[in-house]
Structure formats: C-alpha cells, structure tokens
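Note sheet for the following structure.
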Amino acid sequence: MNRFLLKVSGAAARVTDSALGPHQTAVIRIGFSATWLLFLLREFPHRQELYGPDGPWDWDLADQLVGSNGSFTALLWSDGQGWFEALYLLVVVWSVLLLLGWRTRTMSVLFMVGVLSLQNRSVFMGDGGDNVLHLMSVYLVFTRCGQVWSLDARRARRTDEARARGERPQDRTGPALWGVLGFLLLLATLAGRMDGDWFVPALLWAVWSAQALWWLVGRYAKTPQPRGLLDVVANIVHNGALLVIMAEACLIYATAGWYKIQGSRWQDGTAVHYPLHLEYFSPWPALGDLLTASGTLVMLVTYGTVVVQVAFPFTLFNRRVKNVLLALMITEHAVIAVALGLPFFSLAMIAADAVFLPTSFLRRLGNAFGRACAWVRTRILRVLPPRTRAVGAPVPVPRTGSPGEPVDHVAQVEQVDQMDHVDREEQAGQGPAAPMPGKAPGTRP
C-alpha cells in the first residue's frame, strides 16, 4: 500500500512540477504552424476562390451557415475586400511568428483565430488534414509549446543570465501586446462580433485574463509562492492538453482502422489500388502504375495499413514496438503526400504523430540541426569579405583534434587573426601586414 501511495504521489508531483514533453510540443507547434503557413502560401494565388468574399461559396451563404451553427470566423465581420486581404496576410504573419516561437502563448491564440476564421468561412474547402489542424490549433493554446526551440526560450535564458548578474530586466513588449489585443477584443465583443457559440469568446477572454494575472504576479508579488502556484496550474493545463493531443491521435488511427476493416475492398486486399488510379488523386500516373504493378504488393500494403492503424494505440506501452509502428505510419504519410498529391494532409498527420517521438531522438535531431546551421554560418562568413561581417561578431573556426579531445581555443584565436591579416593583405595588394605598435603578431589589439 505504501509503495502504491509513493507511486501516486510521485506521478502527481511530476505532473504538477514540470510541463512534460517540451520537445514534443515544440515539434507540434513547428509542424502545424509550418503546415498552415505552406498551405496559405501555396494557395495565395487562389485565395479569392477559397475564402474571398466573391468566391463560389460567397459571403451570404457563409453568413447563413455560420448563423445556423454559431461557429467563429472573423472573415464575416466585414464583406469588404480590404478586410479579407488584411486578415489573410495577418494569418500568414501569425503562422510565421508561432513557427519561430515568438510570444508563443499569444501567437498560439492568434494562430487559432486565423485557422478558425478561414476554415469556418468555407467549410467545404479542404480535406481531412483541415480537421486535424482545426482541432490541434485549439489544443495548442493550452500548451507551453515555447519551452525549447523558440525565441521565447532564448529570451528566457537571457533574462535568467541578466538576473544572475544582478540586473532587473523588464518586459515592455508583452504588456503592450496584451493591451492592444485586449482593446481589440473588447471592441469586437461590444460590437456583437462574438455572438454565437460561447467557447471561442470565453477562451479568448480567459487567456487574456490569465496573461494579465501572470504579469501582475511576476511584477508585484513579494514572495515566490504566488508565481509557483501559477506555474503549477500552467503545468497541469499543459499536461492535460498534451494527453488530449495523444488521445486524439490514437482516436484518429483507431477510428480509421476499424472503419477500414468493415469495407469489402479492404477485406479482399485491393483498396489501395483504386485511389492510385483516380484522376483527382494521381499527380504522377506513372508512379501509381508502378506501385500497383504487383498485386502482392498492393495486398500487403492494404492489410499492413489496417494492421498498423488498429494496433498502434495498443502499442504505446511498449516503446520499441511503438517506435517501429510510428516509423511505418510516418513513411505511409510521406508516400501519400507524393503518390496521392496530398502534402498538407500528410504534413498535418506527421505533425500529430510527432507527439509520440522519443525525446532522445528529438534532442539528437535538434543538435544535428544546430550543427548544420553553424556549418552554413561558417561557410557564409568565410565567403564574405571582412568589412561585410558584423562588428564584433565571432568568426567560426573548424574544430581541431579528434572528438573527445580538448580544443585549443588560443590556437583558434590565433588562426582567426591570421585569416584576418591575410584578408587585409589581399585587399591592399601588399605584402604581410605590419603588426600594430606594442603588439606581438598574431594577437588581437
């Protein structure tokens, strides 16, 4: 009994003391914001037909539909062309800022507003990926998705470093952004634009009030206990939303798998053959013919798809089996993106699958991306002339020695100085540059 109580108390402490899955939620944030951003950019030439006031599903039809179901969309606040263009561009900007992780709590709310506004304006435009994006945009609001791989994480790190030096940094951008958005939200509420379903207006006001409370406690609290209490509440909300995202992904696959079992084409192993030969889903007819050339391959893929989707929710407690099925599902969506011409649906499903990726794999992926960025930055700085480099910016130098050995930083600095001397000699067209008076060659002034 005591062992059981210890396990329960440990689990409760883990849920309340930290926001679980910071790398997974960061990947979800990046994946869905990138998917929506790419969709908006891809459909930018066709935005009028999709969501414009003079599109096939015109403003009057959309207004009647929204009036009957009470869904939220800011596009119907005005039937003017200028309002449509401005909101479309704002949605693009919000997607970029959420992708970069700038003010992620605020940007996640605005991202949700943008997704709901466009999708609810024309509900018959899109595919299954829109439904996933629709749900996940709401769930993201409740997560602390900017803990890693974001501009917010870098700002928090610099704030902690400043406080360690005895400084008292102040955030002016956050309160200003909160004030402007609160004023706009108040105007929309008083103008009756929030009439309809109560959920989205209540969520917007709740998040706005929570941000105000968070800032006031951080600014005026005399003891750390109030801020600690808010952290506990935020962690519980985050972990609950993360659990909902995982359950949603499992529900999607389980529902799809069990419905497939009931279909006769899935039972006889020929279901995969037909979409590959539909003109609407055949951007590469030759590729479809190649994939369906073997009846055995078609049967294996058909049965394998059903088995993987039905079995996946039951493998979450076995890490190795779960990772194998996860890799198979991601591969399946990649094939669907290419073979059936559904890239945004596949990207949305891969982003939803990312919640189950192992933390160790995500950390290695992040480190590899950081090394790749450093390598690119090194190459760019070497190509640029010295005068075009930022003043005071460090010049990356390749690591010397074998892995695991300590790096001689003095030798690296001398190498950088020698590179700078050579650059100055080449620009002047002269011999070796003379050292500065009182300084030895190879040292910085």
Side-chain angles (χ1 to χ4, degrees), residues 12-22 25-26 28-29 72 74 94 97-98 100-116 136-148 150-163 167-191 193-194 197-245:
R14 186 181 180 187
V15 170
T16 57
D17 290 347
S18 62
L20 303 178
T25 49
I28 292 174
R29 184 198 84 232
F72 172 85
W94 295 338
L97 294 178
L98 183 63
L100 298 177
W102 185 81
R103 308 287 173 176
T104 50
R105 182 70 71 180
T106 302
M107 288 304 120
S108 64
V109 175
L110 296 177
F111 178 77
M112 178 195 70
V113 170
V115 171
L116 298 183
M136 294 300 176
S137 66
V138 179
Y139 300 153
L140 272 177
V141 175
F142 298 93
T143 63
R144 309 181 78 172
C145 55
Q147 297 180 99
V148 296
S150 65
L151 297 178
D152 285 352
R154 186 180 68 171
R155 187 179 70 254
R157 184 171 58 252
R158 291 181 175 179
T159 301
D160 294 339
E161 293 173 354
R163 289 175 178 172
E167 302 176 3
R168 298 187 62 183
Q170 295 183 358
D171 181 19
R172 294 182 176 86
T173 305
L177 187 62
W178 171 85
V180 172
L181 294 178
F183 177 73
L184 296 177
L185 183 59
L186 179 62
L187 288 181
T189 303
L190 295 178
R193 303 301 185 183
M194 295 295 182
D197 187 69
W198 62 271
F199 175 74
V200 173
L203 179 59
L204 295 177
W205 279 112
V207 174
W208 184 82
S209 303
Q211 289 292 92
L213 181 61
W214 187 274
W215 182 82
L216 290 173
V217 169
R219 181 69 181 272
Y220 298 106
K222 303 296 183 181
T223 60
Q225 283 78 11
R227 185 60 178 266
L229 177 61
L230 293 181
D231 270 328
V232 169
V233 174
N235 291 335
I236 294 175
V237 172
H238 165 91
N239 295 329
L242 186 61
L243 179 62
V244 171
I245 292 174

* **Beyond-backbone contact of Q211 with L181, side-chain heavy atoms, under 4.5 angstrom** => no
* To do: Report the distance from atom CE of M112 to atom CH2 of W94, rounding to the nearest 0.5 Å.
  => 10.5 Å
* Structure fact -> Closest non-hydrogen contact found for C145 with T104 is SG-CB, 4.3 Å
* Structure fact -> Sequence neighbours excluded, the answer for side-chain contact (heavy atoms from CB on, under 4.5 Å) partners of T16 is V232, I236
* Should the pair D231-R144 be classified as a salt bridge under the 4.0 Å nitrogen-to-oxygen rule? -> yes
* Structure fact -> Nearest heavy-atom contact between L20 and R14 is CD2-NE, 3.7 Å
* Which atom pair, heavy atoms only, marks the closest approach of S137 to V115? -> OG-CG1, 3.9 Å
* What distance separates L203 CG from F142 CZ, expressed to the nearest 0.5 Å? -> 4.5 Å
* Asked: What's the verdict on side chain to side chain contact (heavy atoms under 4.5 Å, CB included) for Y139 and I28, showing C-alpha distance, side-chain angles and the deciding distance?
  -> CA-CA 10 Å; Y139 300 153; I28 292 174; over 6 Å; no
* Is the shortest heavy-atom distance from the side chain of L204 to the side chain of V113 under 4.5 Å? -> yes
* Hey, could you give me the CD/CD distance between E167 and E161, rounded to the nearest 0.5 Å? => 10.5 Å
* Asked: Is R105 reaching over with its side chain to a backbone N or O of V141, donor-acceptor style, under 3.5 angstrom?
  -> yes
* Structure fact -> salt bridge (charged side-chain N to carboxylate O under 4.0 Å, His left out) filter on D197, not counting sequence neighbours, yields none
* Asked: Atom CG of L116 and atom CZ of F72: how far apart are they, to the nearest 0.5 Å?
  -> 7.0 Å
* To do: Could you tell me whether the side chain of R29 reaches within less than 4.5 Å of the side chain of T143, counting heavy atoms only?
  => no
* To do: Report yes if the side chains of R103 and R155 come closer than 4.5 Å at any heavy-atom pair, otherwise no.
  => yes
* Asked: Do any N or O atoms from the side chain of D152 and from the backbone of G146 form a donor-acceptor pair under 3.5 angstrom?
  -> no
* To do: On the 0 to 90° scale, with breaks at 30° and 60°, tag the W178-W208 ring pair as parallel, tilted or perpendicular.
  => parallel
* Structure fact -> Sorted by chain and residue number, the side-chain contact (heavy atoms from CB on, under 4.5 Å) partners of S209 (sequence neighbours excluded) come out as none
* Taking all atoms of both residues into account, what is the closest heavy-atom pair of N235 and A19, and its distance? -> OD1-N, 3.5 Å
* **R227, CZ: over 12 other non-hydrogen atoms inside 6.0 angstrom** => yes
* Minimum heavy-atom separation for T159 to P169, with atom names? -> CG2-CG, 3.7 Å
* To the nearest 0.5 Å, how far apart are CH2 in W205 and OG1 in T189? -> 5.0 Å
* Just how far is it from atom OG of S150 to atom CG of L97, taken to the nearest 0.5 Å? -> 12.5 Å
